[in-house]
*Asks:* 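Here you go, one structure.
Quick note on labels: first sequence line is chain A, next is B, and so on, each numbered from 1.
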Amino acid sequence: MMVSEILSGWMKEAFVKALPDADISRVTVQEAANPAFGDYQCNEAMGIAKGLRKPPRDVAASVIAAAGAHPLVASLEIAGPGFINIRLKDDGLIESLEKMVCGERMGVPDDGAGQCVVIDYSSPNIAKPMHIGHIRSTIIGNALDRLYRRLGYRVIADNHIGDWGTQFGIIIMGYRHFADQEALQRAPVEELERIYVKSYEKTREDEAWMEQCRAELVKLQAGDPDNLALWEKFIELSLGEFDRVYRRLGVSFDLIRGESYYRDKLAGLLERLEHEGLAVESEGARVVMLEEEGLPLCIVRKRDGGFNYATSDIATVLSREDEFSPACIIYVTDERQQLHFKQVFSICRKLGCETPLMHVWFGLMRLPEGTFSTRQGNVIKLEALLDEAEARALKIVKESSPDMPEAQQREVARAVGLGAVKYADLSQNPQTMITFTWEKALALDGNSAPYLQYACARICSVREKYVQQFGEAGLQAAGIMITHPAERELVLQLLRYPDIVRRAALLYKPSVLADGLYAIAQKYSTFYQNVPFLKADSGVRESRIRLCAVTAQILQDGLALLGIETPERI
RNA sequence: GCCCCCGUAGCUCAGUUGGAUAGAGCAUCGGAUUUCUAAUCCGAAUGUCGCAGGUUCAAGUCCUGCCGGGGGCGCCA
């Protein structure tokens, strides 16, 4: 069990003993705000004292008296208006840490116990290249995917690709008139985008063209073999290119079901909505009124008879609920879809769907000069970003490790460049807008992936040097000792790891984990810089090498949860 | 007009169900390498937490109003 849970349980018991009538549901411990106060603190004596109309310090004192002794705890103290400060024994810290790292889960609790969670993320559109606007859903979604798996959930990562929209009429017309087969071979998605944009522009000035696009869409939706074949071709070309990016990013899905997967369910869904009196006619369209929910109405069938995104998403929810009975369905999209999902979720509720539905939204990525726009030509392709990241990393690797074989330099640069890009995104609270700058996305110092990777690489190096000089035998039996404040702070930080992983998942914020890992790496760097390892006395030496190893285990584990690799040398 | 987010150091951002003296990184200045990777470490400096009220033992955090920025609001996704 996590240290925080052990202490929380213990405090709860103490509150019950001291104050049998008090509501202890909120009693927990948290890490101390300031190391000078102790290691953990409990603040609830003040809240409970208020309800009981007793002096808070008296309540805290009676809780401390009732708590008695605990094998992990060195001291309990009252401070300020009624804080209870908890200081742990060094042995207790070490014992807890050893217990934590001996299992596969690094102390992270099995909250999911095998329950299913569907996570819907990335979801690019067919015939459009992935640009840096897609990176957040993909990277954040993938980190949540990994976090929920670690917490014991059976995750179904579903890439809900945009493969059935109204754009296909436009693309088909574009393809028939403007396609350059040679370009299509060379850079398929780029060419598809070009013909889409060209055809789209033509719809704006040429009404007849627009009509033909609509007609092609209707034909496609009616199952016309020629259009269907083209549609399949577009999908195949796009998926091939998406795959290349996903492989590079280390992202994989359990399902890739585009919107088209649900297309046969739409008519039936509309019937059901009408049958239950939810969908009504309005200006030729079918809409669901959501006044009670304080939301604008939602169109579930267009005037021309076509279905749109909302209907498709409702069908998707119902289908997933039916097929997987998930404990939760999580959507990872940008902030602009907040209203859309509120509407979709409300309608699902009205239809009797009880599955918890969660929209995890993130702020839009933009450039310093404003939003992205295909028309302004200022989109940055995802692959170009990754190329640039690797190139910059390679330059530094070549400077700092000139003796490293070229192939390894490239491999290191790949891991570091990719890590930097991912971390730049993951380390920030998702719900804030990101202003993209090359400088920030590719930062290699300070709070960045390379900083964490560097810490890991130094640990590997230290261990190697140790084994060279002293052999491996001494490490097997070596216990960790706390002989220096830097060691104690590091151990304390490592013990928080399971809490941090759980918190990151519960809040849908990989940034919480990134912050926690950065704090560990900072403590480690201080430790590394300020105490000798190889030149320490025998015994202390082994203890320190073991602490290094444990730190590496946790950093690697945490970075893996963020989808970031840790090369042995950088 | 209505709805949702955001406003914290020069810049980019953390800040736990309301808790103790609001913290990091970048940039700036000063120091550390005969020793384990200097992509590092140590130190200095930096704040009307947008503004005004309110709630309470305690507000960056909760409530109300205002100002500023972003996004959304019937046939795109």
*Asks:* When every nucleotide of nucleotides 17-33 of chain B is labelled 5' to 3' by its protein contacts under 4.0 Å (heavy atoms), B for base, S for sugar-phosphate only, - for none, what sequence of letters results?
*Replies:* B-BB---SSS-------

*Asks:* Should the pair A/Arg414-A/Glu565 be classified as a salt bridge under the 4.0 Å nitrogen-to-oxygen rule?
*Replies:*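 Counted as a salt bridge, because a side-chain N and a carboxylate O are separated by less than 4.0 Å.
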
*Asks:* Mind checking the C1' distance from B/rC6 to B/rC13? Whole angstroms is fine.
*Replies:*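 Taking atom C1' in both B/rC6 and B/rC13, they lie 13 Å apart.
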
*Asks:* Taking the same atom, P, in B/rG70 and in B/rG53, what whole-Å distance lies between them?
*Replies:*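 After rounding to an integer number of Å, I get 28 Å for this pair.
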
*Asks:* Could you give the distance separating B/rA77 and B/rG15 at their P atoms, to the nearest angstrom?
*Replies:*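 It works out to 35 Å between them.
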
*Asks:* Would you indicate whether A/Lys12, at its atom NZ, is surrounded by more than 12 heavy atoms from other residues, nucleotides or ligands within a distance under 6.0 Å?
*Replies:*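 Enclosed: over 12 neighbouring heavy atoms sit under 6.0 Å from NZ of A/Lys12.
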
*Asks:* Would you measure the distance from the C1' atom in B/rC26 across to the matching atom in B/rA39 and give it in whole Å?
*Replies:*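 15 Å, rounded to whole Å.
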
*Asks:* Between atom CD1 in A/Ile459 and atom P in B/rC36, what is the gap in whole Å?
*Replies:*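 Roughly 17 Å, once rounded to whole Å.
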
*Asks:* OP1 or OP2 of B/rA77 sitting under 4.0 Å from any side-chain N/O of A/Tyr309?
*Replies:*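 Indeed not, no polar side-chain atom of A/Tyr309 lies that close.
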
*Asks:* Could you give me the stems involving RNA chain B, meaning stretches of three or more consecutive Watson-Crick or G-U wobble pairs whose two defining distances are both below 3.5 Å?
*Replies:*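 Stems found: B:1-7 with B:67-73, B:10-13 with B:23-26, B:28-32 with B:40-44, B:50-54 with B:62-66.
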
*Asks:* Should A/Arg336 be listed as having a side-chain N or O under 4.0 Å from OP1 or OP2 of B/rC5?
*Replies:*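 For A/Arg336, the contact criterion (side-chain N or O under 4.0 Å from OP1 or OP2 of B/rC5) is not met.
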
*Asks:* Distance check: side-chain N/O of A/Thr435 vs OP1/OP2 of B/rG70, anything under 4.0 Å?
*Replies:*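 Looking at the OP1 and OP2 atoms of B/rG70, neither is under 4.0 Å from any side-chain N or O of A/Thr435.
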
*Asks:* Expressed in angstrom and rounded to an integer, what is the separation of A/Glu293 atom CD from B/rC3 atom C1'?
*Replies:*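 To the nearest whole Å, that distance equals 15 Å.
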
*Asks:* Take atom NZ in A/Lys54; do more than 12 heavy atoms of anything else shown fall under 6.0 Å from it?
*Replies:*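 No - once you tally the heavy atoms of other residues, nucleotides and ligands closer than 6.0 Å, there are 12 at most.
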
*Asks:* Counting any heavy atom closer than 4.0 Å, what does A/Ser282 reach on the DNA or RNA strands: base, sugar-phosphate only, or nothing?
*Replies:*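 Touches a base.
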
*Asks:* Using atom P in both nucleotides, what's the gap between B/rC49 and B/rG10 to the nearest angstrom?
*Replies:*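 My reading of the P atoms in B/rC49 and B/rG10 gives 12 Å.
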
*Asks:* Counting any heavy atom closer than 4.0 Å, what does A/Val512 reach on the DNA or RNA strands: base, sugar-phosphate only, or nothing?
*Replies:*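 No contact.
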
*Asks:* Taking only Lys NZ, Arg NE, NH1 and NH2, and the carboxylate oxygens of Asp or Glu, determine whether A/Arg502 and A/Glu5 approach each other closer than 4.0 Å.
*Replies:*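 Salt bridge between A/Arg502 and A/Glu5, a charged N being under 4.0 Å from a carboxylate O: yes.
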
*Asks:* Taking the nucleotide of RNA chain B with the nearest heavy atom to each, does A/Val412 or A/Pro430 sit closer to the 5' end?
*Replies:*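 Checking each residue's closest nucleotide, the 5'-ward one belongs to A/Pro430.
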
*Asks:* Could you tell me whether A/Arg392 and A/Glu439 have a side-chain N and a carboxylate O separated by less than 4.0 Å?
*Replies:*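 Between A/Glu439 and A/Arg392 there is no salt bridge, as every charged N stays at least 4.0 Å from the carboxylate O atoms.
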
*Asks:* Can you find a side chain N or O atom of A/Ser461 that sits less than 4.0 Å from OP1 or OP2 on B/rU37?
*Replies:*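 Answer is yes, contact under 4.0 Å.
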
*Asks:* Begin with the C-alpha distance, continue with both residues' side-chain angles, and end with the deciding distance and a verdict on side-chain contact (heavy atoms from CB on, under 4.5 Å) for A/Ile171 and A/Ile126.
*Replies:* CA-CA 10 Å; A/Ile171 301 172; A/Ile126 296 297; 5.7 Å; no

*Asks:* Using a heavy-atom cut-off of 4.0 Å across all strands, would you classify A/Val288 as base, sugar-phosphate, or nothing?
*Replies:*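 The answer is nothing, as A/Val288 stays clear of every strand by at least 4.0 Å.
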
*Asks:* A/Leu290 CG to B/rC73 C1': how many Å, rounded?
*Replies:*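 Rounding to the nearest Å, CG of A/Leu290 and C1' of B/rC73 are 13 Å apart.
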
*Asks:* Tell me: CG of A/Leu513 to P of B/rA14, nearest whole Å?
*Replies:*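 One finds 16 Å between P of B/rA14 and CG of A/Leu513, rounded.
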
*Asks:* Hey, what's the ring geometry for A/Phe345 with A/Tyr331, parallel, tilted or perpendicular (30° and 60° as the breaks)?
*Replies:*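 A/Phe345 vs A/Tyr331 ring planes: tilted.
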
*Asks:* Tell me what A/Glu283 touches on the nucleic acid: a base, only sugar-phosphate, or nothing, going by heavy atoms under 4.0 Å.
*Replies:*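 The answer is base, as A/Glu283 lies within the cut-off (heavy atoms under 4.0 Å) of a base atom.
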
*Asks:* Would one find a side-chain N or O of A/Lys302 under 4.0 angstrom from OP1 or OP2 of B/rC76?
*Replies:*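 Yes, within the criterion.
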
*Asks:* Taking only side-chain N and O atoms of A/Lys465, does any of them lie within less than 4.0 angstrom of OP1 or OP2 on B/rU37?
*Replies:*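 So the side-chain polar atoms of A/Lys465 do come within 4.0 Å of the phosphate oxygens OP1 or OP2 of B/rU37, strictly under.
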
*Asks:* Would you classify A/Asn429 as touching base, sugar-phosphate or nothing, given that sugar-phosphate means primed atoms plus P, OP1 and OP2, and contacts are heavy atoms under 4.0 Å?
*Replies:*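 Sugar-phosphate contact only - A/Asn429 comes under 4.0 Å of backbone atoms but never of a base.
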
*Asks:* Quick check: on RNA chain B, is the nucleotide nearest A/Ile299 upstream (toward 5') of the one nearest A/Tyr528, or the reverse? Name the residue that is more 5'.
*Replies:*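 Between the two, 5'-proximity favours A/Tyr528.
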
*Asks:* Assign A/Asp313 to base, sugar-phosphate, or nothing according to its heavy-atom contacts below 4.0 angstrom with the strands shown.
*Replies:*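 Result for A/Asp313 = nothing.
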
*Asks:* For B/rA59 and B/rC51, measure between their P atoms and round to the nearest Å.
*Replies:*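 About 16 Å, rounded to a whole number of Å.
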
*Asks:* Check whether more than 12 heavy atoms from other residues, nucleotides or ligands sit under 6.0 Å from atom CD of A/Glu211, and answer yes or no.
*Replies:*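 For A/Glu211, atom CD is crowded (more than 12 foreign heavy atoms under 6.0 Å).
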
*Asks:* Under a 4.5 Å cut-off applied to non-hydrogen side-chain atoms, are A/Ser525 and A/Gln522 in contact?
*Replies:*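 They are not in side-chain contact.
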
*Asks:* Could you check how far CD of A/Gln337 sits from C1' of B/rC4, rounded to whole Å?
*Replies:*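 The distance from CD of A/Gln337 to C1' of B/rC4 comes to 14 Å, rounded to the nearest Å.
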
*Asks:* When you measure from the side-chain N and O atoms of A/Thr526 to the phosphate of B/rC42, is any distance below 4.0 Å, counting only OP1 and OP2?
*Replies:*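 Checking A/Thr526 against B/rC42: at least one side-chain N or O falls below 4.0 Å of OP1 or OP2.
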
*Asks:* Base, sugar-phosphate or nothing for A/Tyr451? Non-hydrogen atoms, less than 4.0 Å.
*Replies:*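 Touches sugar-phosphate only.
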
*Asks:* I'd like to know if the side chain of A/His340 pairs up with that of A/Asp313 as donor and acceptor (distance under 3.5 Å, no hydrogens or angles considered).
*Replies:*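 Side chains of A/His340 and A/Asp313: pair found under 3.5 Å.
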
*Asks:* Does any donor atom in the side chain of A/Thr483 or A/Glu487 lie under 3.5 Å from an acceptor atom in the other side chain?
*Replies:*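 On atom types as modelled, these side chains qualify, holding a pair under 3.5 Å.
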
